[in-house]
Amino acid sequence: MDPLLAVRIRQRYGITAVEYAAMLLDQHNLCAVCEKLRPLHVDHCHITGKVRGLVCRPCNTGMGMFNDDADRLLAAAEYITYHKDMMD
């Protein structure tokens with residue numbers, strides 16, 4: 001890991017390069033949400049600041065657009081599932 005990136009991650013999220021590497025290994029270098037092999041970003045709770053895992057930009061952006069509200073995300077998933085036949 002780039003030393004400057006390691007410092008930024010430590011300052012911003014409170015985790016070390018070793019902890020970041022362990023998360024990468026645990027997740028098999030895959031996004032924690034979509035499980036795709038993409039560049040990963042540290043995902044954290046905006047209320048507590050606690051790190052949740054590593055996610056790709058599209059998943060991180062999607063969760064952020066829903067303000068990390070699980071109920072809204074589930075409702076959106078149900079909405080898409082309900083209207084899935086329109087996509088075929």
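What you see is a predicted model; the values in this text were computed from it and never measured.
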>> Check this for me: Glu35, atom CD, are more than 12 non-hydrogen atoms of other residues, nucleotides or ligands nearer than 6.0 Å?
In response: no
> For Met65, does the CE atom sit with more than 12 other heavy atoms under 6.0 Å from it, leaving out its own atoms?
Replying inline: no
>> Listing request: all side-chain hydrogen bond (donor to acceptor under 3.5 Å, both in side chains) pairs with a residue in residues 51-68, at least two apart in sequence or in separate chains.
In response: Asp43-Arg52, His46-Asp68, Arg52-Asp68
> Considering all heavy atoms of both residues, which atom of Pro58 and which atom of Arg38 are nearest to each other, and what is their separation?
Replying inline: CG-NH1, 3.4 Å
> What are the two closest heavy atoms between Met1 and Tyr20, and how far apart are they?
Replying inline: CE-CD2, 3.0 Å
>> Closer than 3.5 angstrom, by distance alone: can the side chain of Gln11 be matched with the main-chain N or O of Arg8 as a donor-acceptor pair?
In response: no
> Does Leu54 offer a backbone N or O that forms a donor-acceptor pair with the side chain of Gln27 under 3.5 Å?
Replying inline: yes
> Tell me, do Pro39 and Cys56 make a side-chain contact under 4.5 Å, heavy atoms counted?
Replying inline: no
> Would a hydrophobic clustering, with Ile, Leu, Val, Met, Phe, Trp and Tyr connected at side-chain separations under 4.5 Å, put Val55 with Leu40?
Replying inline: no
> Under the side-chain contact (heavy atoms from CB on, under 4.5 Å) test, which residues partner Ile80, sequence neighbours left out?
Replying inline: none
> How would you list, by chain and number, every residue that makes a side-chain contact (heavy atoms from CB on, under 4.5 Å) with Tyr13, sequence neighbours excluded?
Replying inline: Ile9, Ile15, Val42, His44, Val51
>> To the nearest 0.5 Å, what is the distance between CZ on Phe66 and CG on Leu74?
In response: 10.5 Å
> Which distance, rounded to the nearest 0.5 Å, do you find between the CG of Leu5 and the CZ of Arg12?
Replying inline: 11.0 Å
